[in-house]
Amino acid sequence: MSEKITSRQQDYSQWYIDLVRSAKLADYSDVRGCMIIRPNGYAIWEKMQAALDAMFKETGHVNAYFPLFIPESFIRKEAEHIEGFAPECAVVTHGGGEPLSENLYVRPTSETIIWSSYRKWIQSYRDLPLLINQWANVVRWEMRTRLFLRTSEFLWQEGHTAHATSTEAEEEVLRMIRVYKTFAEEYMALPVIMGRKSESEKFAGAVETWCIEAMMQDTKALQAGTSHNLGQNFAKAFDCKFQTRDGGLDYVWATSWGVSTRLIGALIMAHSDDKGLVLPPKLATRQVVIVPILRGDKEAVVAKAHSIAEQLNQAGIGAMVDDSDQNSPGWKFAEYELQGIPVRIEIGPRDIKNNICIAARRDNAEKVQIPLDNSLTDTVSDLLRDIQENLFDRALAFREEHTMEVSTYDDFKSNIDNGFLVAHWDGTEETEAKIQEETKATIRVIPEEPELIERYGMKDPGTCIYSGKPSVGKVIFAKAY
RNA sequence: CGGGGUGUGGCUCAGCUGGUAGAGUGCUGCGUUCGGGACGCAGAGGUCGUGGGUUCGAGUCCCGCCACCCCGACCA
């Protein structure tokens with residue numbers, strides 16, 4: 001084969017690239033740093049969008065769309081925001097062949113243009129809360145890019161909410177990071193650690209940033225979603241005040257939260273193997289592919305394959321038949337494994353005689369015989385549920401195997417390439433920066449997961465592994481994408 | 001921006017001390033196959049990244065430029 005996938009063991013990074021390209025998820029574009037999301041990849045995004053969008057609606061949000069272009073003066077209104085984003089912005093200076101009177105920034109995120117509107121829309125506490133989400137593309141000029149994980153342009157959703165009180169905003173921030181955690185774990189089968197970011201890792205312009213952090217198969221960390229408490233920073237920058245219930249005047253409290261097409265990269269790096277993509281059933285476009293073995297009474301085999309597909313489809317399980325005679329069954333097996341379809345059903349004359357079919361699981365390569373009767377849909381449906389759970393359990397077990405507590409800096413340094421390290425930190429940016437400089441590792445998350453907090457005594461006071469100064473609790477360090 | 005690498009059929013690449021373009025795979029057609037990437041036969045497909053130079057002659061040698069990839073510094 002010309003498109004052989006490099007093994008994970010040989011070169012993890014190359015494996016990822018080979019997989020993305022051979023599974024036809026994405027392609028490099030002619031524009032530096034940008035990618036083309038191909039139908040196979042976009043289908044995953046559409047599945048993600050559908051599930052997330054429903055969850056946003058359930059939590060009271062509505063969708064809207066704000067412009068791609070942001071006037072330079074808007075970007076400059078919030079001091080930390082401009083400092084954080086300006087260096088990685090694309091700027092439009094000309095339009096219609098003429099220099100523009102004011103430069104337009106291609107949005108790196110939409111807080112500023114959205115708050116310039118919120119200012120007009122919000123006058124009273126009766127206008128609050130305002131709960132808007134948008135599905136959009138954003139541009140951040142990156143020095144080094146990786147397909148899905150970091151490209152100059154990417155797709156995402158960004159929620160922007162406005163609230164009457166600080167407490168409500170805090171609740172919103174937590175509500176949405178929990179939505180992300182639920183989505184990651186239940187749909188992506190990706191266990192994540194929810195918690196706060198350190199001061200230096202938080203969003204430019206936020207008071208506090210919450211995140212969900214996942215572990216990839218090379219033990220590196222990947223930030224899978226963030227939810228920001230923006231306090232009154234943007235309201236003040238855009239002079240967005242409202243009349244309170246008791247007749248006073250106050251600045252509006254804000255949040256923003258987002259996940260991006262990076263999740264597709266996370267999905268790949270968490271579950272896939274050397275044969276190709278492994279998709280959790282809930283995010284696969286099709287859950288089942290049926291490969292008829294075309295020998296003997298071919299017509300009967302093909303007919304049976306289609307009737308199985310119909311039976312499954314009627315039960316809401318996405319199934320397709322590949323009855324083309326262009327490729328051998330072996331070729332098809334390999335191809336659909338590359339594409340990550342969770343279950344393959346093989347059906348041949350032998351099986352028809354025995355009134356069974358063979359189902360092969362993508363996650364662990366096991367093959368089972370399934371009787372061809374009314375129980376088929378339930379059996380397949382159970383199988384899919386089991387695959388979904390197994391992927392999660394496997395990823396969780398992997399993360400736990402690669403999470404350890406360290407109490408000395410020497411231990412830290414010798415184990416930092418082995419996964420997540422739980423360690424005491426004195427809470428200062430200086431220590432964090434020093435550790436990053438010396439080891440390339442950063443504080444990924446200050447966990448707010450009761451189970452983890454209890455297991456590792458996360459909130460117990462101790463001594464910083466780097467400075468030896470007092471620490472109020474432990475945090476998770478790792479090398480990150 | 002540093003370090004490394006690569007530009008030759010769609011893809012992966014070979015092409016030596018210069019002599020007029022090659023393989024594998026893919027593609028098209030026909031036939032035989034089909035329970036883990038099948039086989040035979042016949043075909044189509046390339047201004048060798050780009051600009052200049054040396055030469056009777058450049059994919060090959062020299063100089064410039066461009067693009068992309070990988071590794072690092074910045075970041076979802």
Side-chain angles (χ1 to χ4, degrees), chain A residues 1-6 11-14 16-18 21-22 24 27-35 83-89 108-109 137-158 180 197 200-204 209 211-214 221-228 256-266 275-276 291-296 298 301-302 322-338 344-352 354 356-358 360 365 367 369 436-437 440 442 444 479-481:
Chain A
M1 287 295 99
S2 62
E3 284 189 89
K4 189 72 188 164
I5 300 175
T6 306
D11 184 343
Y12 190 80
S13 171
Q14 192 60 44
Y16 176 79
I17 293 160
D18 289 352
R21 302 202 70 191
S22 52
K24 297 186 172 66
D27 213 345
Y28 294 110
S29 84
D30 295 320
V31 181
R32 182 187 135 79
C34 292
M35 71 187 292
E83 195 186 325
F85 280 107
E88 50 178 322
C89 282
T109 178
N137 60 337
V138 286
V139 169
R140 298 180 187 176
W141 218 254
E142 297 290 349
M143 291 172 176
R144 199 185 140 214
T145 56
R146 295 164 74 93
L147 294 168
F148 289 115
L149 299 176
R150 176 163 298 103
T151 45
S152 289
E153 181 191 14
F154 57 91
L155 305 183
W156 78 346
Q157 60 66 218
E158 43 180 329
Y180 289 156
K197 281 293 187 189
S200 62
E201 291 280 331
K202 74 174 202 206
F203 178 77
T209 289
C211 66
I212 50 171
E213 207 73 21
L222 186 129
Q223 178 175 305
T226 48
S227 182
H228 314 290
S256 68
W257 29 272
V259 295
S260 72
T261 38
R262 169 179 249 207
L263 289 180
I264 297 171
K275 289 193 287 189
V291 179
I293 308 302
L294 302 174
R295 53 162 34 169
K298 295 181 188 176
V301 174
V302 169
D322 184 348
D323 58 6
S324 79
D325 59 359
Q326 300 303 308
N327 298 109
S328 68
W331 188 93
K332 292 174 187 172
F333 296 172
E335 179 61 22
Y336 295 112
E337 280 164 3
L338 175 61
R344 175 184 71 244
I345 288 179
E346 302 167 22
I347 175 96
R350 217 158 62 199
D351 306 313
I352 292 178
N354 299 327
I356 55 153
C357 63
I358 307 293
K367 286 190 181 188
Q369 292 193 352
Q436 179 171 9
E437 201 181 309
K440 311 286 184 213
T442 49
R444 297 322 304 158
K479 290 190 178 173
Y481 277 100

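Below, chains carry the letters A, B, ... as their sequence lines are ordered, and counting in each starts from 1. The shown structure was predicted, so the numbers you read here are calculated from the model rather than taken from an experiment.
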What nucleotide among [options] has an atom nearest to a side-chain atom of [X]?
X	options	answer
A:Arg144	B:C34, B:G37, B:C71	B:C71
A:Ala334	B:A73, B:C70, B:G37	B:G37
A:Trp331	B:C34, B:A38, B:G36	B:A38
A:Arg146	B:C69, B:G35, B:C71	B:C71
A:Ile17	B:G36, B:C70, B:A76	B:C70
A:Lys440	B:C34, B:G72, B:A76	B:G72
A:Gln223	B:G72, B:G35, B:A76	B:A76
A:Thr151	B:A76, B:C69, B:G37	B:A76

For [X], answer base if it contacts any base atom (sugar-phosphate contacts may also be present), sugar-phosphate if it contacts only those atoms, and nothing otherwise; contact means non-hydrogen atoms under 4.0 Å.
X	answer
A:Ser13	sugar-phosphate
A:Glu142	base
A:Thr261	nothing
A:Phe154	base
A:Ile358	base
A:Arg344	base
A:Pro349	base
A:Lys332	nothing

What interatomic distance, in whole Å, is found between [atom1] of [M] and the corresponding atom of [N]?
N	M	atom1	result
B:G51	B:A67	P	15 Å
B:U55	B:U17	C1'	16 Å
B:U28	B:G10	C1'	13 Å
B:U8	B:C1	P	25 Å
B:G49	B:G9	P	8 Å
B:C13	B:G5	P	16 Å
B:A21	B:U47	C1'	13 Å
B:A38	B:U60	C1'	39 Å

Whether the side chain of A:Arg140 engages the backbone of A:Pro108 through a donor-acceptor N/O pair (distance < 3.5 Å, no angle test) should be reported. yes

Tell me yes or no: between the side chains of A:Ser13 and A:Asp11, is some donor less than 3.5 Å from an acceptor? no

Just by distance, with hydrogens left out, do A:Ser256 and A:His228 show a side-chain donor and acceptor under 3.5 Å apart? no

State, with a plain yes or no, whether a side-chain heavy atom of [X] is found less than 4.5 Å away from one of [Y].
X	Y	answer
A:Ile212	A:Gln223	no
A:Ile358	A:Ile347	no
A:Asn137	A:Phe154	no
A:Arg262	A:Trp156	no

RNA chain B nearest-nucleotide lookup for A:Glu88 and A:Ser328: closer to the 5′ end is A:Ser328

With nearest nucleotide decided by heavy atoms, which residue, A:Gln14 or A:Glu201, maps closer to the 5′ end of RNA chain B? A:Gln14

Could you state the atom-to-atom distance from [atom1] of [X] to [atom2] of [N] in whole Å?
X	N	atom1	atom2	result
A:Asp11	B:C70	CG	P	10 Å
A:Met35	B:C68	CE	C1'	16 Å
A:Tyr28	B:C68	OH	P	12 Å

Please enumerate all residues that pass side-chain contact (heavy atoms from CB on, under 4.5 Å) together with [X], with sequence neighbours excluded.
X	answer
A:Ala221	A:Glu213, A:Phe420, A:Arg444, A:Ala478, A:Ala480
A:Gln436	A:Thr442
A:Leu294	A:Pro292, A:Lys298, A:Val302, A:Asp325

Treating a pair as Watson-Crick (purine N1 to pyrimidine N3 plus N6-O4 or O6-N4) or G-U wobble (N1-O2 and O6-N3) with both distances under 3.5 Å, list the stems of 3 or more consecutive pairs that involve RNA chain B. B:1-7 with B:66-72, B:10-13 with B:22-25, B:27-32 with B:38-43, B:49-53 with B:61-65

Polar pair under 3.5 Å, donor/acceptor by atom type, side chain A:Asn327, base B:G37: no

Report yes or no: is there a donor-acceptor pair, N or O only, under 3.5 Å between the side chain of A:Lys275 and the base of B:G36? no

Mind checking side-chain hydrogen bond (donor to acceptor under 3.5 Å, both in side chains) for A:Gln14 and listing every partner two or more places apart, or none if nothing turns up? A:Asp18

A:Arg350 side chain near B:G35 phosphate (N/O to OP1/OP2, under 4.0 Å): no

Distances under 3.5 Å only, N/O to N/O: pair up the protein atoms with those of nucleotides 1-4 of chain B.
none

